[in-house]
2 protein chains.
Amino acid sequence: MSDGAAPPPVAGRGRRPPRAGGDDRELAILATAERLLEERTLGAISVDDLARGAGISRPTFYFYFPSKDAVLLTLLDRVAAEADATMGAVFDTPAAGPREAWQRALAAYHETFRRHRALTVAWAEARSTSEAVRTLWGEVFERWVQRCATAIEAERARGAAPAGPAARDLAIALTSMNERVIYGSLSGDGPAVADADVVPVLLRVWLAAVYGDEPH
Amino acid sequence: MSDGAAPPPVAGRGRRPPRAGGDDRELAILATAERLLEERTLGAISVDDLARGAGISRPTFYFYFPSKDAVLLTLLDRVAAEADATMGAVFDTPAAGPREAWQRALAAYHETFRRHRALTVAWAEARSTSEAVRTLWGEVFERWVQRCATAIEAERARGAAPAGPAARDLAIALTSMNERVIYGSLSGDGPAVADADVVPVLLRVWLAAVYGDEPH
DNA sequence: GAACGAGTCAACAGGGTGTCGAGCTACGGC
DNA sequence: GCCGTAGCTCGACACCCTGTTGACTCGTTC
């Protein structure tokens, strides 16, 4: 928690001192991780695999990253940033109508994770192993929930959406659905919605949940 | 894969020959697993912990179970059976109205997993590790989806629910939501819906998704 | 050209899994 | 009564993975 007086430019996840030249090695490790994740699950990849893939020995790996999880975390940071950025862009661009807006948001969310299929699946796997991964996901999730809750409240305030459960709870439930449905369609185990149907189905549920009156 | 000619009464998961007396040990292992899961995560429990907890040595453990996962699987089989039974009971008992019916189904589902909090959390964790666990969950999930899809189709057929996405896709999306929201509220990491609000919020979304017309 | 620090790795310590083979115990048959 | 057999038990082993240590190289910098 205490950064010394010297400037620690990048903070924590990567190499201890973020200076100097062996940068390629760090990149090579990250690239190797991403490549191996395309073919095996995270648990089936050892530090040795990562090191060899990057052309270094196992101890040298530890010079660059404190653990296998840290590598994943670095990769995940990128995806998280990308997801946040995309989401921000979508929420800030005005849309033709509410349906349009939600549709675009869902499609962007889906597309972001689809583009990083292997990483997304590994993310879910590592969530049970690593506190840090869990936390990172929690943050991404929380930001998404907050944006959605705010949007729902705005729709209610302008009379477009009826009152209902706490906007935050609704947002959590619907975001949970997104997460699980998208993960299911990407991971391919168990019953899943076909890739092309993911967004339409999610959209339908979102619209019904946000704008639908209490039926019966 | 080939069971000989002799009757193999229980099949597979537990002790190799399901005969004779050391039954208590097997039970002791299962009890130990359940107890330890209350305090630590599955990954933090070793075969040695299980063995010692049951008062036997590690090699002896392997006489009763082929692996740590097999123990969990045995425990999970029970929960799966219980979930199926509860679900069956709920779907078969006629209710006052549709809202009542869905409400009861969701509450039963929630209650089943809440009663086995530690196991449910371990289940999610083991899904990334063990093919068998993944499969078992897939089966439970699939049964739930089928029942729901059937129910949705019935509601549509009698004109109570409007047309919409394929009933199966809708059922998958909503069941995914259940799974994730309930897991979130049980595991306690990340943003979650408070325990008492889980069923009301889920119910609201289900009803809106099944009975709500396409808005706008 | 000595001192320094980034970068590298062989070797080790430690902990986990799963297996093998030798021993123990009880019980039915002879 | 003793013997074989089958259930049961564990010490010792082989193996794999993680993370650390300490010594060594090599390019800079003064």
Side-chain angles (χ1 to χ4, degrees), chain A residues 4 6-10 12-30 32-33 36 40-73 125-126 128-133, chain B residues 4 6-10 12-30 32-33 36 40-73 125-126 128-133:
Chain A
V10 180
R13 224 91 89 192
R15 193 177 36 202
R16 290 73 159 268
R19 307 238 79 254
D23 240 13
D24 338 355
R25 305 304 171 99
E26 189 166 336
L27 269 303
I29 293 174
L30 291 169
T32 303
L36 291 183
R40 319 181 216 163
T41 146
L42 180 67
I45 298 173
S46 71
V47 170
D48 203 60
D49 295 331
L50 258 23
R52 290 191 178 287
I56 56 178
S57 74
R58 211 164 50 77
T60 301
F61 167 92
Y62 287 103
F63 179 81
Y64 292 100
F65 292 95
S67 74
K68 194 171 69 175
D69 284 344
V71 176
L72 184 65
L73 219 39
E125 181 182 347
S128 13
T129 325
S130 155
E131 179 61 39
V133 170
Chain B
V10 180
R13 225 93 86 193
R15 194 175 35 200
R16 293 73 159 268
R19 312 234 75 256
D23 241 13
D24 337 355
R25 305 303 171 99
E26 189 166 336
L27 269 301
I29 292 173
L30 291 170
T32 303
L36 290 183
R40 316 180 219 166
T41 146
L42 180 67
I45 298 172
S46 71
V47 170
D48 202 62
D49 295 331
L50 258 22
R52 289 190 179 288
I56 57 178
S57 73
R58 212 164 51 79
T60 301
F61 167 92
Y62 286 103
F63 179 80
Y64 291 100
F65 292 95
S67 73
K68 195 171 68 175
D69 283 345
V71 177
L72 184 64
L73 219 38
E125 181 182 347
S128 13
T129 326
S130 156
E131 180 60 40
V133 169

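All heavy atoms count here, side chains included; hydrogens, waters and symmetry mates do not. These numbers were taken from a predicted model, which means no experiment stands behind them. Chain letters run A, B, ... following the sequence lines, proteins first, then strands; residues in each count from 1.
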Calculate the interatomic distance between [X] atom [atom1] and [N] atom [atom2]; express it in whole Å.
{"X": "B/Ile45", "N": "C/dG15", "atom1": "CD1", "atom2": "P", "result": "18 Å"}
{"X": "B/Leu27", "N": "D/dC8", "atom1": "CG", "atom2": "C1'", "result": "16 Å"}
{"X": "B/Asp69", "N": "C/dG16", "atom1": "CG", "atom2": "P", "result": "16 Å"}
{"X": "B/Arg52", "N": "C/dG16", "atom1": "CZ", "atom2": "P", "result": "11 Å"}
{"X": "A/Tyr64", "N": "D/dG19", "atom1": "OH", "atom2": "C1'", "result": "18 Å"}
{"X": "B/Phe65", "N": "D/dT9", "atom1": "CZ", "atom2": "P", "result": "13 Å"}
{"X": "A/Asp48", "N": "D/dG19", "atom1": "CG", "atom2": "C1'", "result": "13 Å"}
{"X": "A/Asp23", "N": "C/dA6", "atom1": "CG", "atom2": "C1'", "result": "12 Å"}

To the nearest 0.5 angstrom, please state how far the [atom1] atom of [X] sits from the [atom2] atom of [Y].
{"X": "B/Leu50", "Y": "B/Arg58", "atom1": "CG", "atom2": "CZ", "answer": "12.0 Å"}
{"X": "B/Leu27", "Y": "B/Tyr64", "atom1": "CG", "atom2": "OH", "answer": "10.5 Å"}
{"X": "A/Glu26", "Y": "A/Phe63", "atom1": "CD", "atom2": "CZ", "answer": "9.5 Å"}
{"X": "A/Lys68", "Y": "A/Asp49", "atom1": "NZ", "atom2": "CG", "answer": "8.5 Å"}
{"X": "A/Leu72", "Y": "A/Leu30", "atom1": "CG", "atom2": "CG", "answer": "10.0 Å"}

- Using a cut-off of strictly less than 4.0 Å between a heavy atom of the residue and any atom of DNA chain C, enumerate the qualifying residues of residues 53-61 of chain B by number. B/Arg58, B/Pro59
- Message: With a 4.0 Å limit, can you tell me whether A/Arg25 has a side-chain N or O closer than that to the phosphate oxygens OP1/OP2 of C/dA6?
- Response: no
- Query: Quick one: is D/dT9 close enough that its OP1 or OP2 comes under 4.0 Å of any side-chain N or O from B/Tyr62?
  - Reply: no
- Message: Check this for me: A/Arg52, atom CZ, are more than 12 non-hydrogen atoms of other residues, nucleotides or ligands nearer than 6.0 Å?
- Response: no
- Shortest non-hydrogen contact from A/Gly55 to A/Arg25? O-NH1, 4.4 Å
- Item | Selected nucleotide, minimal atom distance to B/Phe63 side chain, candidates C/dT8, D/dT9, C/dT19 | D/dT9
